Amino acid sequence: MSAFSDGLMANRTVFVAGGTSGIDLGIARRYAELGAAVAVLGRNPEKAAAAAETFGGLALTADVRDYAATRAALEQATTELGPLDVVVSGAAGNFLAPAATMSANAFKAVVDIDLIGTFHVFRASYDLLRTPGASLIAITAGQAVNAMPLQAHACAAKAGINQLVRVLAMEWGPDVRVNGISPGPISGTEGMARLAPDESTREEHTTRGSR
Ligand code: HXC
Ligand code: NAP
């Protein structure tokens, strides 16, 4: 039984960065079920279109590492759907890799997507929000508070997200609420396939981390 009533999000606009698969798509779909107009953003246009079609949403394409492209996508969402009530920042990248052999660019890639990308999504949305009452939600992870081997990049990035959320909540509240959600491990997702690969996927996801 749902704790939320039908139509709870009617006349609300939601933007989900990373909402073209996995947990973020589940979030986007649920907002749509509750009546919101929802836009989802990913890098792959075909994947975004297919995801948005499953719930009648708006598909947008940008790399969150690119501020101008991220801003353009948020502006398109606002133009087509209206001022934003909820912005979810869930785009992320991850792989298992020992810090001793991880390249500088590998570390940077994950920090750029997760942490810098979250700043880009939130900063670019700031003057597009319907206030007071808008809600910004970052998707963080247990890595933010629990150190994990082979996760130097993700632990650093997600810890940074937690502090970014705290600072933005102080600076932008109370008109804009800023929070982080830390999901537990969700089976069947890309994230879990990469962190706990079974024998069939272990080779694909970990070979480059062991070089
Ligand atoms: C070591 C690796 C690597 C690996 C990539 N790199 N994979 N190093 N082990 N397995 C290195 C590359 O060699 C390169 O460094 C650098 O990382 C950037 O790689 P690119 O492929 O050029 O980057 P890009 O195309 O931008 O792709 C980003 C990515 C990719 C993060 C590497 O995996 C991606 O797009 N992931 C998105 C999907 C995803 O990861 N979903 C899971 C999110 S779940 P060099 O030095 O060679 O240039 C999550 C888990 C939360 O966050 C917790 C769950 C419990
Ligand atoms: P996923 O299925 O891999 O989804 C990642 C999403 O982000 C996709 O829509 C992807 O689309 C998009 N994306 C990736 N890099 C991007 C970029 N540079 N710019 C724009 N979009 C980008 O991931 P998931 O496993 O469901 O995880 C979703 C979120 O939950 C992440 O923040 C993750 O850290 C967090 N989390 C996951 C788990 C878990 O068990 N899976 C646990 C705790 C926290 P494209 O590839 O098309 O860009």
Side-chain angles (χ1 to χ4, degrees), residues 15-29 38-52 54 57 59-74 88-121 124 137-162 164-165 180-197 201-211:
F15 178 99
V16 184
T20 65
S21 65
I23 294 170
D24 304 323
L25 173 56
I27 291 170
R29 187 179 287 125
V38 179
V40 289
L41 176 98
R43 291 165 299 177
N44 181 319
E46 291 81 24
K47 181 177 163 184
T54 64
L60 299 169
T61 306
D63 191 319
V64 294
R65 290 169 285 192
D66 180 339
Y67 182 82
T70 302
R71 169 71 187 190
L74 282 153
V88 178
S89 178
N94 200 8
F95 44 81
L96 294 172
T101 56
M102 184 191 299
S103 74
N105 196 43
F107 186 89
K108 182 176 185 299
V110 171
V111 172
D112 277 351
I113 298 168
D114 294 27
L115 176 56
I116 311 288
T118 294
F119 180 76
H120 285 172
V121 169
I137 302 169
I139 307 301
T140 181
Q143 281 90 333
V145 290
N146 299 316
M148 294 181 197
L150 314 180
Q151 287 284 272
H153 45 0
C155 287
K158 294 295 191 182
I161 287 174
N162 283 16
L164 176 64
V165 162
I181 290 176
S182 181
I186 306 297
S187 61
T189 61
E190 183 68 22
M192 275 309 289
R194 287 171 181 237
L195 287 195
T201 57
R202 187 180 300 278
E203 181 77 5
E204 176 191 345
H205 291 294
T206 61
T207 44
R208 286 204 284 172
S210 60
R211 70 192 162 191

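The shown structure was predicted, so the numbers you read here are calculated from the model rather than taken from an experiment. These values consider heavy atoms only, across backbone and side chains, with no hydrogens, waters or symmetry-generated copies. Counting convention: from 1, in listed order, for ligands and their atoms alike.
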Heavy atom to atom 44 (C) of ligand 2, shortest distance: which of I23, I181, T140 holds it?
T140
The atoms of ligand 2 lying under 4.0 Å from a heavy atom of T189, numbered in the order shown, are 25 (O), 39 (C), 40 (O), 41 (N)
Can you find a side-chain donor-acceptor pair between N94 and E190 that sits under 3.5 Å?
no
Compare N94, V110, I186 and give the one whose heavy atom is closest to atom 49 (C) of ligand 1.
N94
Any side-chain heavy-atom pair from R194 and L96 closer than 4.5 angstrom?
no
Check ligand 2 against N44 and write out every atom of the ligand that is under 4.0 Å from a heavy-atom position of the residue.
47 (O)
Heteroatom distance test (K158, ligand 1): nitrogen or oxygen, under 3.5 angstrom
no
Can a non-hydrogen atom of R194 be found less than 4.0 Å from any atom of ligand 2?
no
Atoms of ligand 1 less than 4.0 Å from S103 heavy atoms?
15 (O), 45 (P), 46 (O)
Ligand 2-proximal atoms of A62, by part, heavy-atom distance under 4.0 Å
backbone
Are any of the N/O atoms in L41 less than 3.5 Å from those in ligand 2?
no
Counting heavy atoms under 4.0 Å, the part of H153 that contacts ligand 1 is neither
Within-cut-off N or O pair, Q143 and ligand 1, under 3.5 Å:
no
Could you see which bit of T189 sits under 4.0 Å from ligand 1, with heavy atoms only: side chain, backbone, both or neither?
neither
Taking the side chain from Q151 and the backbone from F95, do they hold a donor-acceptor pair closer than 3.5 Å?
yes
Ligand 2 to T20 polar contact by distance, N or O atoms, under 3.5 Å
yes
Test your reading of the structure: does E190 have an N or O sitting under 3.5 Å from an N or O of ligand 1?
no
At under 4.0 Å between heavy atoms, which part of K47 makes contact with ligand 2: side chain, backbone, both or neither?
side chain
Sub-4.0 Å heavy-atom contact, G93 with ligand 2:
no
For I139, the atoms of ligand 2 under 4.0 Å from one of its heavy atoms are 29 (C), 30 (O), 32 (O), 35 (C)
Please say whether G191 places an N or O atom under 3.5 Å from an N or O atom belonging to ligand 2.
yes
For atom 4 (O) of ligand 2, which of A138, S182, G26, S21 has the closest heavy atom?
S21
Please say whether R43 places an N or O atom under 3.5 Å from an N or O atom belonging to ligand 1.
yes
Where the closest heavy atom to atom 22 (C) of ligand 2 is concerned, which of A91, G184, G22 has it?
A91
Under 4.0 Å to a heavy atom of I186 - the qualifying atoms of ligand 2, by number:
39 (C), 40 (O)
